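One structure is given here, and the rest of the page talks about it.
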Amino acid sequence: MKINKYSVTFLMSVLLISIFISCNKGDSPDFSIERLISEMTLQEKAGQLNQVSGYNVNYDKLLREGGLGSFLNVFGAELTNRVQKIAVEDTRLGIPLIFGIDVIHGYRTIFPIPLGESCSWDPDLIQRTSAMAAAEARASGVHWTFAPMVDIARDSRWGRIAEGSGEDPFLGSVLAAAKVRGFQGNGLMETNSIAACLKHYAAYGAANAGREYHTVDLSEKTLREIYLPPFRAGVDAGVATLMSAFNTINGIPATANNFTLRQILRGEWGFNGMIVSDWASIHELVVHGYAEDKYQAGIQAIKAGIDMDMMGDVYQKNIPLLVKDGSISMRTLDEAVFRILKLKSDLGLFENPYVDPELERNLILSVENIALARESAQKSIVLLKNENNILPLNKNIRSIAVIGPLADNKDELLGTWKCRGIRDDVVTVLEGLRSAVSSTTTIRYAKGCEINDDNTGGFPEAVGIARRSDAVIAVVGESAGMSGEGGSRTTLGLPGVQKQLIQELSETGKPLIVVLMAGRPLSIPWAAEHIPAILEAWHPGIQGGNAVSDVLFGDINPSGKLTVSFPRNVGQEPLYYNQENTGRPGGRSRWTSRYIDSPNSPLYPFGFGLSYTTFEYSNLQISSETLLPGGSMTVTADIKNTGERAGYEIVQLYIRDIVSSVVRPVKELKGFEKIYLEPGEKTAVEFTLGHNQLGFYNQQMKFVVEPGEFRVWIARNSEEGLEGNFKVNSK
Ligand code: BGC
């Protein structure tokens, strides 16, 4: 380590903290979790299973009695050290607390919402943003994030679509693993990593009609093929914890579901980590009508494998009684306690329960973190339309009108789950543009309207400045609160009078660019037809305004591609590309699978996104005509940058199993590569396709690869691509 002022202070603090904690349990050579458990009373064991939200002095008594194992929503080095000191010094056994919080897309440095970031198709970027969020959180006394949220979402009405990586299980799995690696870093002991938590297990995103917390009724095949893969990938990446979901799955609440928790997660996948309930979801077993009372709920949840009760008030109060009356065995309780103590031990909390406030001050919102927030926002932006290449704009343009309720809005850019992000950290689009243009450019601003009311009183001013300017940028969309938990919608258009606003702006005849900010795909068929340029920026985080400006002026060539299908109208939902074929695929005839008032196809398909350059796909090559069990083949295509700018292209590999014992989707993503090409540069992109990647769950729920014909595409999106064929033989 290079010695400087900062490191001297840091070393001194570490020394002081080490003296402070030298009497801690973990230091003792004969410390073992088993021994600790053998010393615990029933109440102390039940206490470890108890997690409450937010510290206040009313918790002190319970804490001192060993009635609390964890806090959520308690953060900050000073506060966590203070509360931790009570647990370590003033309880009989001195067991440290674990502090958890929802670090979903950044701790203080807020990155784009996860749905946005997933559009980068960039696991390396996502690993880096997760790692940075982890470092900030850990420095602030947080040991555990309730992330990544890996729920596949095929229905944009569901507000929590904002928190995940979209509709595809393959991409979702790659990104889930990247986030786990990012959060957990080189090991939980490190001062820059935190325990990750895959959530919400399972199938929460399949809520009926996209309504929050609603019933989930789905086949085991769909559960295993669509909703479970990202969890499996996270488990394989070594995730420390998992959270159970609020919903039922085929009538059984996820929080008491022996099939998903015991049989699949612990049994088939061998997951040994800790499982936490969602907020009060153990208690809600009663509300579901699955448990008669809290006692029965406690029995059901702990037997299904839920170790920690988040804000349920069930375990701590009732488990001692339930063990005494024989409803729960001591062994079941000890297993849950063991997993919690093991996590604390893996985090190094027995040796070092405290954090260094100096580190917190230096690390949070550092220059590097802010730069990464800008990079991730740039890479999340998807260019949906760019008629006649009206973008990028020239920085010497004489005047720009910047309009819309999100154009100079600091709060909403943070998106859902802003953790400790604050409005003052946010650069708005107006600010980003102002700092980018030349000194001769005039920027005029008018809000035009609010996000979600019916007042058009601001239209004349907005239209007035549009008329006087050479280009108009309208930043419209949803507030942060319109997506996320409890943010389900039955309409997917622009809220309030924003559509009217852009219609009036379009009538001025000025070049109009619409920048969308939202937590979900919005259905914007009118804009898609009439507005020449549309940029999807999602809720882009603290550097959103700079990133949007970077793209509008071409400092950055947009490269994001959609990870969720954009509907033409809400009635198409749930909408996803990897659907099965019907016996009457949609066509012109009435007697086919279609709507009478809308095409089946999405407005913008999964995998779609434009660039300021163009890429030509050619020369699909498949290394072999047949594939045998255990074998693999390569599928290659040449991709050439045929435009005048360098740029990234996200190249996608899809397959289709033509005939099988269970009908298969019309396309399934099996690989992707993000490549960077200079103008005129051409490269061969090669994918390896293994026999085991071609399987599915058959009628007996066995994962099989069946012989027969397959189609394969190397594609720019889920609708367009080069197509080839190969066969799978059984021998
Ligand atoms: C959410 C979880 C979250 C928890 C703690 C719940 O309401 O469903 O995603 O981790 O609260 O904040």
Side-chain angles (χ1 to χ4, degrees), residues 50-55 68-75 97-107 110 113-115 130 133-134 137 140 142-153 158-165 176 179-180 183 194-207 210-214 216 227 230-231 234 239-249 253-255 257 273-285 287-288 301 306-314 343 414-421 480-481 483-488 519:
N50 189 24
Q51 185 187 51
V52 295
S53 175
Y55 170 75
L68 275 170
S70 173
F71 277 99
L72 75 151
N73 299 330
V74 173
F75 48 79
L97 291 160
I98 177 169
F99 296 105
I101 198 170
D102 293 88
V103 184
I104 307 292
H105 52 114
Y107 179 72
I110 301 300
I113 54 166
L115 182 62
S130 305
S140 195
V142 171
H143 312 120
W144 181 23
T145 175
F146 307 118
M149 188 278 212
V150 300
D151 297 312
I152 295 297
W158 191 50
R160 301 200 82 168
I161 196 170
E163 296 174 48
S165 294
K179 288 188 189 195
V180 169
F183 286 130
I194 53 179
C197 178
L198 297 168
K199 73 183 188 186
H200 307 82
Y201 191 73
Y204 184 31
R211 197 182 86 201
E212 183 66 302
Y213 314 128
H214 203 5
V216 170
Y227 292 93
F231 288 96
V239 76
T241 76
L242 236 110
M243 183 188 290
S244 68
F246 287 125
N247 53 284
T248 56
I249 305 166
T255 294
N257 201 307
M274 194 258 264
I275 305 178
V276 63
S277 76
D278 202 344
W279 185 289
S281 67
I282 300 180
H283 164 78
E284 287 171 15
L285 296 175
V287 191
H288 273 297
I306 307 291
D307 302 313
M308 186 177 275
D309 177 6
M310 178 194 283
M311 281 306 278
D313 212 17
V314 175
L343 177 62
L414 293 167
T416 182
W417 290 119
K418 59 187 176 187
C419 202
R420 292 194 67 203
S483 62
E485 187 173 358
S488 292

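Each ligand, and each atom within it, is numbered from 1 in the order the structure gives. When reading the values below, keep in mind they use all heavy atoms of this one structure, side chains included, and skip hydrogens, waters and symmetry mates. Since the structure is predicted, the reported quantities are computational estimates derived from the model, not experimental observations.
Taken to the nearest 0.5 Å, the CG atom of D151 stands 11.0 Å off from the CD1 atom of I161. Taken from NE2 in H200 to OH in Y227, the straight-line distance is 15.0 Å, to the nearest 0.5 Å. One finds the OG1 atom of T255 at 10.0 Å from the CD1 atom of I275 (value rounded to the nearest 0.5 Å). To the nearest 0.5 Å, atom CE of residue M310 and atom OG of residue S70 are 8.0 Å apart.
Neither the backbone nor the side chain of Y213 comes within 4.0 Å of ligand 1, counting heavy atoms alone. Contacts between L72 and ligand 1, counted as non-hydrogen atom pairs separated by less than 4.0 Å, involve the side chain only.
Ligand 1 is never approached by E163 to a heavy-atom distance shorter than 4.0 Å.
An N or O contact shorter than 3.5 Å links H200 to ligand 1 by distance. When only interatomic distances are considered, the shortest N/O to N/O separation between E485 and ligand 1 falls below 3.5 Å. Of the N or O atoms in K199, one or more lie within a sub-3.5 Å distance of an N or O in ligand 1. Taking only nitrogen or oxygen atoms, main chain and side chain alike, D278 reaches within less than 3.5 Å of ligand 1. For ligand 1, the polar-atom distance check finds an N/O of R160 within less than 3.5 Å of one of the ligand's N/O atoms.
Ring-plane geometry between Y204 and W158 is classed as perpendicular, the angle between the planes exceeding 60 degrees on a 0 to 90 degree scale with a lower cut at 30.
By the salt bridge (charged side-chain N to carboxylate O under 4.0 Å, His left out) test, K418 pairs with no residue at all, sequence neighbours left out.
Given atom 12 (O) of ligand 1, the protein heavy atom at minimum distance is D102 OD1, 2.5 Å.
Listed by number with element, the atoms of ligand 1 under 4.0 Å from a non-hydrogen atom of F146 are 10 (O).
Each of V276, V150, L198 was scored for a side chain to side chain contact (heavy atoms under 4.5 Å, CB included) with L242, with one residue passing: L198.
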